[in-house]
There are 2 protein chains.
Amino acid sequence: MDLTASPFPSPEEKRSVRAAKRDAVLRAAVQMFNARGFHQTSLDDVAASLGISKPTIYHYLGNKDQVLLECVKIGLGQLIAAAEDARTRPGTGADRLCAFLVRYAEINMDDFGRCVIRTGDEALMPESRERFRELKRRIDTDMRTLIIEGIADGSLAPCDPKLAAFTIAGALNWPARWHDPAGSESPEELARHMVDMLCRGFQPR
Amino acid sequence: MDLTASPFPSPEEKRSVRAAKRDAVLRAAVQMFNARGFHQTSLDDVAASLGISKPTIYHYLGNKDQVLLECVKIGLGQLIAAAEDARTRPGTGADRLCAFLVRYAEINMDDFGRCVIRTGDEALMPESRERFRELKRRIDTDMRTLIIEGIADGSLAPCDPKLAAFTIAGALNWPARWHDPAGSESPEELARHMVDMLCRGFQPR
DNA sequence: ACTATTTTGTACTGATGAGTAAATTGCATG
DNA sequence: CATGCAATTTACTCATCAGTACAAAATAGT
């Protein structure tokens with residue numbers, strides 16, 4: 001706890017304290033979802049891991065579906081930010097795509113990104129599922145756009161952008177399943193290495 | 001129904017009838033698991049889809065965990081068979097690897113293969129999970145072996161076999177999530193196309 | 001101090017669904 | 001015919017867990 005803080009919080013601080021608590025709930029939840037799976041995790045478990053009780057979670061988040069939705073929204077938000085960032089970079093289309101992909105892979109090894117990949121949309125309720133799909137579509141569109149630009153400027157080999165996007169995404173999503181965050185391999189290196197492989201291909205040149 | 005069959009089945013026939021019923025249960029189950037997710041599918045639902053009752057399922061399979069385990073075992077069996085088949089082929093290491101990969105991708109768009117990918121091991125009970133992991137490890141080993149052989153004979157570019165296997169597997173697993181079996185794209189073509197992309201890479205040559 | 005609002009906890013409800021007990025039918029065989 | 005086994009059903013039990021009602025602190029505003 002921060003002992004330098006005034007015991008008389010301003011409205012501003014209060015809002016941020018509330019937000020911090022909400023975030024703490026989401027972080028605890030996402031870690032448990034990733035470790036044990038959404039359906040194997042009860043909100044009682046999540047609450048217990050924070051030393052609070054279930055209704056407190058319901059005070060900050062409406063229901064379990066929303067807890068999951070917020071988690072994946074954070075992950076997807078990071079991905080969308082990465083796409084925005086890549087879009088405004090200098091260099092060839094291939095350069096921009098690779099920059100995006102490295103970041104994309106890194107995010108997928110992070111708490112919220114992992115949750116995005118590991119969450120099958122069947123887990124969400126219909127409206128949340130629609131929102132989830134919508135955001136994922138957006139990432140996919142962004143990735144395809146970068147591919148198309150790369151092909152256009154000749155920095156990428158011509159190919160079907162849709163299939164290329166699925167192939168690349170699949171390869172870079174998979175670490176969400178196998179990468180051990182506690183392991184020795186750094187996500188950054190891993191991400192770079194994988195993107196490199198995808199660019200070069202497996203045939204000798 | 002087959003009206004030419006004798007109404008006095010031999011022990012042989014009886015065994016095969018029993019096996020056929022068991023298979024029908026597994027097929028109905030796997031399709032529902034794939035469509036709605038394991039946890040969203042009750043065995044009552046599966047039974048209803050076959051016009052039978054839940055205890056009948058329990059007559060053929062011990063419990064829900066085993067139903068899922070049998071499903072993934074079938075999918076993994078197909079993959080292992082594909083690896084065996086590829087291993088005994090003529091051609092370079094790259095040829096054998098590609099043959100395996102195409103088949104691998106196809107299987108992942110099929111009922112039982114899709115289930116293998118979509119099933120997080122958290123869904124299974126500890127012992128089944130161990131069995132599941134063991135079989136998946138075997139596929140991984142086989143894939144790595146093919147990669148190593150390809151590098152050895154110069155038909156593949158040198159690379160880290162472990163990372164290559166994860167990258168390739170990720171790319172070819174992903175269709176289990178996005179490919180629509182009812183859609184117009186044929187799994188065979190798709191598989192070939194994806195493997196081709198992975199071999200060539202995205203950089204122009 | 002007094003009231004309203006926010007935060008948090010205790011103790012419930014209610015639904016869902018895995019798994020089972022026991023009865024039923026059919027067939028096979030001594 | 002009696003006995004036993006396989007297949008199948010109806011009608012349960014029982015545990016889990018999402019979600020809620022309501023009370024009790026804490027906090028803020030007046």
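These numbers come from a predicted model, not from an experiment. In what follows, chains are A, B, ... by sequence order, proteins preceding strands, each numbered from 1.
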What is the distance from [atom1] of [X] to [atom2] of [N], rounded to the nearest Å?
X	N	atom1	atom2	result
B:His39	C:dA18	NE2	P	10 Å
B:Arg36	C:dG17	CZ	C1'	13 Å
B:Asp44	C:dT16	CG	C1'	10 Å
A:Asp65	D:dG19	CG	C1'	13 Å
A:Met32	D:dC17	CE	P	11 Å
B:Leu50	D:dA7	CG	P	16 Å
A:Ile52	D:dA24	CD1	P	21 Å

Any side-chain N or O of A:Arg18 less than 4.0 Å from the OP1 or OP2 oxygen of C:dT7?
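Checking C:dT7 against A:Arg18, a side-chain N or O does come within under 4.0 Å of OP1 or OP2.
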Side chain of A:Leu43 (C-beta onward), nearest among C:dT8, D:dA18, D:dA7:
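Closest of the options to the side chain of A:Leu43: D:dA18.
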Nearest-0.5 Å distance, CD of residue B:Glu70 to SG of residue B:Cys115
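Reported value, rounded in 0.5 Å steps: 11.5 Å.
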Using a cut-off of 4.0 Å on non-hydrogen atoms, how would the nucleic acid contact of A:Ser53 be classed: base, sugar-phosphate, or nothing?
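Here A:Ser53 touches the bases of the nucleic acid.
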Considering non-hydrogen atoms only, spot the tightest contact between B:Val116 and B:Val72 and give its length.
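For B:Val116 versus B:Val72, the nearest heavy atoms are CG2-O, 3.6 Å.
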Minimum heavy-atom separation for B:Asn108 to B:Arg114, with atom names?
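Closest approach of B:Asn108 to B:Arg114, heavy atoms only: O-CG, 3.1 Å.
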Polar pair under 3.5 Å, donor/acceptor by atom type, side chain A:Lys54, base D:dA18:
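By the distance-only test, yes, there is a pair.
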Is the closest side-chain donor-acceptor distance between A:Asp95 and A:Thr92 under 3.5 Å?
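Their side chains do contain a donor-acceptor pair, which is all the 3.5 Å distance test asks for.
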Could you tell me if B:His39 and A:Gln40 have a donor-acceptor pair between their side chains, going purely by distance under 3.5 Å?
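Side-chain D/A pair, A:Gln40 to B:His39: present.
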Decide if atom CZ of A:Arg27 counts as having more than 12 heavy atoms of other residues, nucleotides or ligands within a radius under 6.0 Å.
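Count not over threshold, so no.
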With under 30° as parallel and over 60° as perpendicular, where do the rings of A:Phe166 and B:Trp178 fit, or are they tilted in between?
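If you compare the ring of A:Phe166 with that of B:Trp178, the planes turn out parallel.
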Residues of residues 55-64 of chain B with any non-hydrogen atom less than 4.0 angstrom from an atom of DNA chain C: list those, numerically ordered, please.
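Heavy-atom cutoff 4.0 Å gives B:Pro55, B:Tyr58, B:Asn63, B:Lys64.
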